[in-house]
There are 2 protein chains.
Amino acid sequence: MLAQQRQAAILDRVRATGGVRVSELAAEYGVSDMTIRRDLEALADRGLLAKVHGGATTVSPGSAHEPGFAAKSVRQRDEKAAIAMRAAALVSPGDAIALSAGTTTAELAQRLVDVPSLTVVTNSIPVADVFYRGGRPDQTVVLTGGTRTPSDALVGPVAVAAIGTLHLDLLFLGVHGMSERAGYTTPNLMEADADRALVQASERLVVLADHTKWGTVGISSIVPLSRADVLITDSGLDEEARTLLSETVPELVVVNPQ
Amino acid sequence: MLAQQRQAAILDRVRATGGVRVSELAAEYGVSDMTIRRDLEALADRGLLAKVHGGATTVSPGSAHEPGFAAKSVRQRDEKAAIAMRAAALVSPGDAIALSAGTTTAELAQRLVDVPSLTVVTNSIPVADVFYRGGRPDQTVVLTGGTRTPSDALVGPVAVAAIGTLHLDLLFLGVHGMSERAGYTTPNLMEADADRALVQASERLVVLADHTKWGTVGISSIVPLSRADVLITDSGLDEEARTLLSETVPELVVVNPQ
DNA sequence: TCGAGTGTGTTCGAAATAGTTCGGTTCCCG
DNA sequence: CGGGAACCGAACTATTTCGAACACACTCGA
């Protein structure tokens, strides 16, 4: 594989899933860690991504503040991957599903490109990209309309109206926070609106949230905890939260990363 | 094997697989590395592929939508640029405009990123990208929903419905063909639907079509020639067509490239 | 037959790419 | 807050690739 191609592929991946790990890329492309680091360095020099400890993330002009955050988001990739893997098992050929915006749902998307006759509705441009590039011809991908948020989600009245005309079997909802009091939350008012419309349009709701989301409260509530039919999280969640959630959510699934 | 044949084969291969290696081609065609390099250089000079260390890739490595979009946007670049420049003059700060999908409208988009308080509705992901990357904070960009065509346009019932709820001052419509009998046409049924919805939603219609579009008939008609309020084309158009159009279209604008 | 033009091969120093080692840093977890 | 594991980047080496320059073979028209 050409170095150039490898770099382009890495960039695609970063954009689709929000982050990559050096070790993961090295194994995948069969080159040394150092080579991957040099690739990341080259891409970072051109401002196409941001290097962090352990890998790289998308360059986010807005949230350049908290230094630990970006590094952490890369490190939770194992959790996200495990959650996505489990979520993918809920999908059957021919289903009509919805995917909200978010890095976990983007990860899930990559595991769904091989499902036959799938219909996917999403308000996330990166998620649509994953299917567009790697999907099967018998899959249908519908992008909802709307205006674009910094995280590449489409939101606003146009998005809500578009979603309102559709009816899906299953919604996979990625959230930014979950707590007993506020339920599932996001930091963006418009995105919460779009997410709520997705919930309305779907028969069943599957929430994807790694353990770090517990206790985090975004400005805007989407729905209460109990509204989810299934909640998939990872084993990093403490005992107390696990008990509370298992009493609140009809089906709580806890996965073990790696 | 003739050099010409070899180059054509190389080009096919690059387009099919996304990238080739010098060493691989040299072995395959039984010629020296240097000869392959010279072939690649010749192809790269014509903008048909991109040379990289070790081989060559498609012109826009990393984005898989090469065949639909990037390849075509080189053709008639001067004409398109001149048309886009003239079209941009029709836009005022604060306007709410729509841009259809197409290379000419993408060109126009680049000239509109500095217009204050502009609201832009488009069903083209590349056009939305232009504003997202280079636009002003006081601009609003609305992407219509829908499924994605090979040329990165969003079409289908979702797109039509989303467009139907909106009302714009001005629509810039890029077309694939125009003729007296068929009017403005595109090669894609669904795209024609979306375009027609855009026409419905807009107060005024400005069609952008370089002279090569004249006489070309796509499978699907959008609207008749006379439906346009303004048609902007270039001076490559022959006298006969010019006369006919000036009698049919309320306002015919002919620009001189360069 | 000559000579220009084209296509190809070879040689060789420079540049790009990739692997390894190693000392230092960062981060996680108890 | 301390130990251990993972990670980082600099430095060095080996390999591959690049491109300029020159040489050779062939074609074609004068």
Side-chain angles (χ1 to χ4, degrees), chain A residues 1-11 13-14 19-46 48-57 64-82 210-215 234-241 256-258, chain B residues 1-11 13-14 19-46 48-57 61-62:
Chain A
M1 183 179 214
L2 296 167
Q4 206 81 203
Q5 285 182 300
R6 194 179 51 237
Q7 291 183 12
I10 290 172
L11 190 55
R13 252 209 35 185
V14 170
V20 291
R21 305 199 47 142
V22 170
S23 52
E24 157 197 326
L25 293 172
E28 182 159 336
Y29 297 116
V31 296
S32 72
D33 295 6
M34 200 56 225
T35 299
I36 296 295
R37 282 202 200 92
R38 284 190 268 241
D39 285 339
L40 295 181
E41 194 179 355
L43 292 167
D45 278 350
R46 290 195 280 156
L48 300 172
L49 50 74
K51 280 183 69 177
V52 297
H53 193 91
T57 63
H65 38 355
E66 199 179 341
F69 175 78
K72 209 193 297 180
S73 80
V74 170
R75 213 163 258 110
Q76 262 119 41
R77 277 193 43 88
D78 288 343
E79 283 91 329
K80 283 188 212 297
D210 64 74
H211 74 273
T212 65
K213 305 293 164 65
W214 180 251
D234 67 273
S235 51
L237 197 65
D238 65 54
E239 200 49 53
E240 191 183 350
N256 286 303
Q258 284 305 13
Chain B
M1 184 180 216
L2 294 172
Q4 200 114 40
Q5 288 178 300
R6 194 178 52 238
Q7 291 182 12
I10 291 172
L11 190 54
R13 214 142 120 170
V14 170
V20 292
R21 303 192 59 97
V22 171
S23 52
E24 154 198 327
L25 293 171
E28 181 159 338
Y29 296 115
V31 296
S32 73
D33 297 6
M34 200 57 229
T35 299
I36 296 296
R37 279 198 206 98
R38 283 190 269 244
D39 286 338
L40 295 181
E41 195 177 356
L43 292 167
D45 279 349
R46 289 195 279 155
L48 300 172
L49 49 73
K51 276 185 71 177
V52 299
H53 193 94
T57 65

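Atoms considered below: every heavy atom in the structure, side chains included; atoms not considered: hydrogens, waters and symmetry mates.
- In this structure, CG of A/Leu2 is placed 11 Å from C1' of D/dT17, rounded to the nearest angstrom.
- For the pair B/Leu25 CG and D/dC18 P, the computed distance is 11 Å after rounding to whole Å.
- Across A/Thr57 and A/Val14, no two heavy atoms sit closer than the pair C-CG1, 3.6 Å.
- A straight line from CD1 of B/Ile36 to P of D/dG19 spans 14 Å, rounded to a whole angstrom.
- Of the candidates C/dC27, D/dT17, C/dT10, the closest approach to any side-chain atom of A/His53 belongs to C/dC27.
- Rounded to whole angstrom, the span from the CG atom of A/Leu40 across to the P atom of C/dT17 amounts to 15 Å.
- Taking atom CG on B/Asp33 and atom C1' on C/dT10, their separation rounds to 11 Å, with Å as the unit.
- The shortest heavy-atom contact between B/Val52 and A/Leu2 is CG2-CD1, 3.9 Å.
- The distance from the NE2 atom of A/His211 to the CG atom of A/Asp234 is 5.5 Å, given to the nearest 0.5 Å.
- Atom pair A/Tyr29:OH and C/dA18:C1' shows a separation of 17 Å (rounding to whole Å applied).
- The side chain of B/Lys51 approaches D/dG19 more closely than any other nucleotide in the set D/dC7, C/dT10, D/dG19.
- The nearest whole Å value for the distance from the CD atom in A/Glu41 to the C1' atom in C/dA16 is 14 Å.
- A/Ser32 has a side-chain polar atom (N or O) that falls below the 4.0 Å cut-off from OP1 or OP2 of C/dG19.
- Of the candidates C/dA18, D/dA20, D/dC8, the closest approach to any side-chain atom of B/Met34 belongs to D/dA20.
- Considering only side-chain atoms of A/Arg38, the nucleotide from C/dG9, D/dC7, C/dG19 that sits closest is C/dG19.
- If you check C/dT20, C/dG7, D/dC8 against the side chain of A/Arg37, the one that comes closest is D/dC8.
- C/dA16 atom P lies 14 Å from atom CG of A/Asp45, rounded to whole Å.
- In this structure, CD1 in A/Ile36 is found 13.0 Å from CZ in A/Arg21, a value given to the nearest 0.5 Å.
- Remark: A/Glu240 CD is loosely packed, at most 12 non-hydrogen atoms of other residues, nucleotides or ligands lying under 6.0 Å away.
- Distances shown here put a side-chain N or O of A/Arg6 below 4.0 Å from the OP1 or OP2 atom of C/dA18.
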